[in-house]
Structure formats: structure tokens, C-alpha cells
Amino acid sequence: MRYNIIGKNIDVWDKTKEMVEKKMERIQKLFPTEAEATITLSLEKLVSTVEVTIPLNKRLIRAEVQDADMTAAMDKAVDILESQIVRYKKRMRTKARNAENFLQEYQSILVPEENLDEEPLYKIKRVKRFEVKPMDAEEAVMEMELIGHNFFVFRNGDTDEVNVVYKRKDGSYGLIEPEY
């Protein structure tokens, strides 16, 4: 695995790079050898933020952690990444059991059978149905705020595509548009 270590409001010295690489060694075996991890370290008002992004087969494995200590934040980020990749590989293994051509395409990232438990990965407790109304993104944000949720699904009146608006951690809003 290759590492791209970036510092925001902080200088990334050799000791910091060694610490990051040492922490990432723990999960390196779970990723293909050609994988590239982008690690962004930032320091703002005595709060360290570690953001790790690893592209993997048209997917992103990502963790973002804030802590007073950079090393502790890196440890937590690695823990999050490890749980995400294990869940992802379990899901791929389940799909592989059901489709032979899928197995050939994703063979390199699958977790060995003995490392899997038979417990389901996700449990859906509730299903909601609602009418998807055509509106613009600003209306969707207003609707989302009215119902008190962090996201809202709507049909974009201009493009007639299903879009999602969501509230970001910094209080701003995001829009997800499908790409074909």
C-alpha cells in the first residue's frame, strides 16, 4: 500500500510519517498491494483531525476522526477503517457465493471463509414509504429542516432525477445527484 500524507495547518515531519505508516501497517494486509491511501492530518485550535480515504473497486473506504492527540485520532481512524473493510469484504463474499462471475472479478479482495461469522451484516428495522415530489434543492432543504432529519430524498424538478440533500457536520448542506 502506498501512502499520500498531507498536512493542513501542520508540518508533516519524518516522525509523523513513520507514526502514520506504523499505524496503517495493522490494516495493510486487508487491502490490495496497489491500493493508495490518502491521509490528511490537520490541527485547528488544539484539535487534531485525521482523515483517511482509500479508493477500492469503485468504492471509497473513509474515516475521519477528531481528538486532542494526533496519535489517538490515528488509532481510532484505523479501527474504523478496519471494521469498514471487514464488513465490505463480508458483503462481497456473500455476493460471491450467489454469482460465479462476481467471484472472478473480486477474488483479490475477498476475506477467507474461516474469518467470517454467519451473523448478518446489516439489520433493517424499519421501512418507510413516501411520495417523491418534484422540487428544487432549496425546497428540499426546507422540507428536510421541517421534518427534522439529516437528509431528504426528492425528485429534482429540473432534471427529473432522484436526488438527496443532506446536512453536513459543519452545518452546511450537500446535494447528491446520480451519475450514469
Side-chain angles (χ1 to χ4, degrees), residues 1-126 150-151 164 166-174 176 179:
M1 180 180 287
R2 294 175 305 196
Y3 305 109
N4 183 12
I5 303 170
I6 302 166
K8 288 185 179 176
N9 300 330
I10 187 173
D11 291 327
V12 181
W13 302 99
D14 289 339
K15 289 280 187 188
T16 308
K17 287 182 181 180
E18 289 174 16
M19 179 271 298
V20 167
E21 289 174 4
K22 183 178 179 189
K23 301 290 183 186
M24 292 293 290
E25 280 178 6
R26 193 175 97 205
I27 61 171
Q28 187 173 1
K29 65 184 177 292
L30 297 172
F31 293 93
T33 54
E34 69 274 0
E36 183 173 327
T38 302
I39 300 119
T40 305
L41 310 172
S42 62
L43 182 63
E44 196 171 311
K45 294 185 181 180
L46 301 177
V47 175
S48 300
T49 304
V50 174
E51 181 183 330
V52 183
T53 306
I54 305 171
L56 182 67
N57 284 349
K58 301 177 186 173
R59 303 258 188 264
L60 280 180
I61 308 295
R62 183 179 181 279
E64 182 176 347
V65 177
Q66 292 183 332
D67 199 301
D69 180 34
M70 183 72 71
T71 306
M74 190 67 206
D75 281 335
K76 290 175 187 174
V78 169
D79 290 343
I80 291 169
L81 290 168
E82 184 176 31
S83 68
Q84 285 180 348
I85 191 64
V86 168
R87 275 195 332 261
Y88 175 70
K89 287 185 175 193
K90 281 182 182 180
R91 195 169 69 228
M92 294 297 111
R93 173 63 72 188
T94 303
K95 285 185 177 186
R97 288 180 185 153
N98 299 331
E100 194 61 40
N101 61 349
F102 180 85
L103 180 62
Q104 292 169 358
E105 185 176 344
Y106 288 97
Q107 185 66 41
S108 65
I109 65 162
L110 296 177
V111 123
E113 278 299 318
E114 63 271 7
N115 294 347
L116 298 177
D117 52 9
E118 292 303 317
E119 166 182 327
L121 291 174
Y122 305 103
K123 191 177 215 176
I124 297 174
K125 290 187 175 182
R126 185 174 178 187
N150 293 330
F151 68 93
V164 177
Y166 62 97
K167 191 165 192 171
R168 298 171 46 96
K169 289 180 185 177
D170 65 2
S172 63
Y173 299 98
I176 300 175
E179 185 176 293

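This one's a predicted model, so the numbers in the text were calculated from it and none came from an experiment. The basis for the numbers below is simple: all heavy atoms, side chains too, and nothing from hydrogens, waters or symmetry mates.
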**Request:** Inspect the surroundings of CG in D14 and state if more than 12 heavy atoms from other residues, nucleotides or ligands are less than 6.0 Å away.
**Result:** no

Could you list the donor-acceptor pairs under 3.5 angstrom formed by side chains in residues 74-81, with sequence neighbours left out?
| unit_1 | atom_1 | unit_2 | atom_2 | d |
| --- | --- | --- | --- | --- |
| D75 | OD1 | K23 | NZ | 3.0 |
| D75 | OD2 | K23 | NZ | 3.4 |
| K76 | NZ | D67 | OD2 | 2.5 |
| D79 | OD1 | R26 | NH1 | 3.2 |
| D79 | OD1 | R26 | NH2 | 2.4 |

**Asked** For S172, which residues count as a side-chain hydrogen bond (donor to acceptor under 3.5 Å, both in side chains) partner, sequence neighbours excluded?
**Response** R168, D170

Which donor-acceptor pairs under 3.5 Å do the side chains of residues 40-48 make with protein atoms, sequence neighbours left out?
none

**Message:** Taking side-chain hydrogen bond (donor to acceptor under 3.5 Å, both in side chains) as the definition, give me every residue that meets it alongside Q28, ordered by chain and number, with sequence neighbours left out.
**Reply:** none

**Message:** For the CE atom of M24 and the CD atom of E82, what is their distance to the nearest 0.5 Å?
**Reply:** 11.0 Å

**Message:** Can you tell me how far apart CD (E51) and OG1 (T38) are? Round to the nearest 0.5 Å.
**Reply:** 9.0 Å

**Item:** Step-by-step side chain to side chain contact (heavy atoms under 4.5 Å, CB included) determination, E21 to Y3
**Value:** CA-CA 8 Å; E21 289 174 4; Y3 305 109; 3.6 Å; yes

**Request:** Could you grab the distance from atom CD1 of I54 to atom CG of N4, nearest 0.5 Å is fine?
**Result:** 12.0 Å

**Request:** Show your working on side chain to side chain contact (heavy atoms under 4.5 Å, CB included) between N150 and Y166 and close with a plain yes or no.
**Result:** CA-CA 6 Å; N150 293 330; Y166 62 97; over 6 Å; no

**Message:** I'd like to check the side-chain hydrogen bond (donor to acceptor under 3.5 Å, both in side chains) partners of Q84; sequence neighbours left out, ordered by chain and number.
**Reply:** none

**Complete:** dist I85:CD1 -> F31:CZ (nearest 0.5 Å) comes out at 4.5 Å

**Request:** Output the distance between atom CD1 (I5) and atom CH2 (W13), rounded to the nearest 0.5 Å.
**Result:** 14.5 Å

**Asked** Can you find a pair of side-chain heavy atoms, one from K17 and one from V12, that are under 4.5 Å apart?
**Response** yes

**Prompt:** Any side-chain heavy-atom pair from E64 and V50 closer than 4.5 angstrom?
**Reply:** no

**Asked** If you round to the nearest 0.5 Å, how far is CD1 of I10 from OG1 of T16?
**Response** 6.0 Å

**Prompt:** In chain order, what residues pass the salt bridge (charged side-chain N to carboxylate O under 4.0 Å, His left out) check against E36, with sequence neighbours excluded?
**Reply:** R2

